[in-house]
Amino acid sequence: MRYSGLFPKTLKTAPSGAESLNHKLLVRAGYIDQLMAGSFTLLPLGFRVVEKIKEIIREELNKTGAQELLMPLLHPRDIWDQSGRWSKPEVRKIMYQFKDIHDKEFGLSFTHEEIVMDLLSKFIQSYKDLPVKVYHFSTKFRNEPRAKSGILRGREFMMKDLYSAHTTEEDMYLYYNQIKDIYPKIFKRIGLEVKVVEASGGVFTPSHSHEFQVLCRVGEDTIFYCDKCDFAQNKEIFQGQEGSKCPNCDGKILTAKSIEVGNIFPLGTDFSINQKVFYTDANGKQNPIWFASYGIGPTRVLGTLAEVFNDENGLIFPKSVAPFDVHLISLSKTEEAKKIEEELEKNGFEVLYDDREVTAGEKFATADLIGIPVRLVVSEKTGGKIEFKQRNKKESQLLTLEEVLEKLK
Ligand code: ATP
Ligand code: MG
């Protein structure tokens, strides 16, 4: 990709309404654009990052036997009446609900449990049809009252939601625990360390859920966790206080602000019973289905990466999800740069080549702001070699093209 053709270009200053760092940086660097509070366009750079985040999630979930599908976002009221959630005050607060011109009521999806149950009612008869594990990546709508955290809290945002249906509680927890172990691996591949935190089930279940939290100064959540073992609870359920002894070991409890990037819910049989969706067991008896759901917010993950990985000059993306592998800059060595671009692309690397006729300073500033992990420069000063610099390091090296290719691998 040539920078001259990239839409749009970076901005000199952050938009005046932006309060949070992720909002300022991602808008300035050309990853996102705000339409209104809590509503963003993923511009080509942001879209590339979110696609890479999605691909990592997809790979890991497919390994567990989960299958990808795509469900509608416009939901008729009657399905939501089956579970009883349509009229719950805490649901009415976040769900966009309205009538069409025929006076029929609809809602915009803020989650999909009811819709998955409706699918199961049509396709599940006996225990032989279970378990079912399905997920999709799709937009969720939530009437968020304080959408001021940039892309961390949208009123319209991207979610990966996975649903699993089982014959027994034991089987449900087997899969639940498998996903609980896989989520930290997913986030690690994306470049984020998470704490697995016990929390309440919110509007989803009376049981505890597990949240996946990234420690971050500007996070809206507060968690309490042990400095020795993996005990961790959300502020809403933790009984003790900072400095107290860990309930599981002799460690000490610490507290921190954090961003919730994922949440999983062992829902149990309530949805099945309320929506009257049953399966027949080996003895011909009707039983309720054990159900669980598992969310990750890829657009919130993009915002979290921006909050966690940056410096005074801009963003610093982890290699696995950066929009490009290499940011190539030529200072009056156009022919050489074009050759390097071609060689890199031949070897499977994604290159953003800044082919503009602007000052060196402007090109370097653009590269720092966008935050691609590797910057390559060819100029009179580099002779026959290429200057190789990592975005998160101060020093640079002069390398041959072969050495650059070796390092990128
Ligand atoms: P929060 O407590 O931050 O409002 P939540 O607990 O209501 O979030 P869940 O229903 O658990 O959210 O949603 C699953 C995942 O979807 C979250 O872990 C998060 O990554 C993402 N998510 C939820 N709400 C938003 C939002 N408003 N904007 C962006 N991502 C979101
Ligand atoms: Mg949650």
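Whatever order the structure lists ligands and atoms in, that order sets their numbers, starting from 1. Just so it is clear, the structure is predicted and the values come from calculations on it, not from any experiment.
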Asks: About how many Å separate CG of L369 and CG of L26, when rounded to the nearest 0.5 Å?
Replies: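 CG of L369 is found 9.5 Å from CG of L26.
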Asks: So which of the N, O or S atoms of E260 lies nearest the Mg ion (ligand 2)?
Replies: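 Looking at E260, the N, O or S atom with the least distance to the Mg ion (ligand 2) is OE2.
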Asks: Indicate if the distance from the Mg ion (ligand 2) to the nearest N, O or S atom of N263 falls below 2.8 Å.
Replies: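 N263 does place an N, O or S atom closer than 2.8 Å to the Mg ion (ligand 2).
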Asks: So S293 and T111, do their side chains get closer than 4.5 Å, heavy atoms only?
Replies: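 No, every pair of side-chain atoms sits at 4.5 Å or beyond.
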Asks: Applying side-chain contact (heavy atoms from CB on, under 4.5 Å), can you list everything that pairs with T222, at least two apart in sequence or on another chain?
Replies: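 Partners of T222 under the side-chain contact (heavy atoms from CB on, under 4.5 Å) test: F224, K235, T255, K257.
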Asks: Is the H75 ring parallel, tilted or perpendicular to the H112 ring (thresholds 30°, 60°)?
Replies: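 Rings of H75 and H112: perpendicular, over 60°.
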Asks: Let me know which protein residues bring a heavy atom to under 4.0 Å of ligand 1; chain then number is fine for ordering.
Replies: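 Within 4.0 Å of ligand 1, the protein residues are R142, E144, L152, R153, G154, F157, M159, F204, E260, V261, G262, N263, F265, G297, R300.
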Asks: Determine the interplanar angle of the F291 and F271 rings, folded into 0 to 90°, and report it as parallel if under 30°, tilted if 30 to 60°, perpendicular if over 60°.
Replies: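 If you compare the ring of F291 with that of F271, the planes turn out perpendicular.
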Asks: Can you classify the ring geometry of F204 versus F265 as parallel (below 30°), tilted (30 to 60°) or perpendicular (above 60°)?
Replies: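 F204 and F265: tilted rings.
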Asks: Under 6.0 Å between the ring centres of W290 and Y175?
Replies: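 No, the ring centres sit 6.0 Å or more apart.
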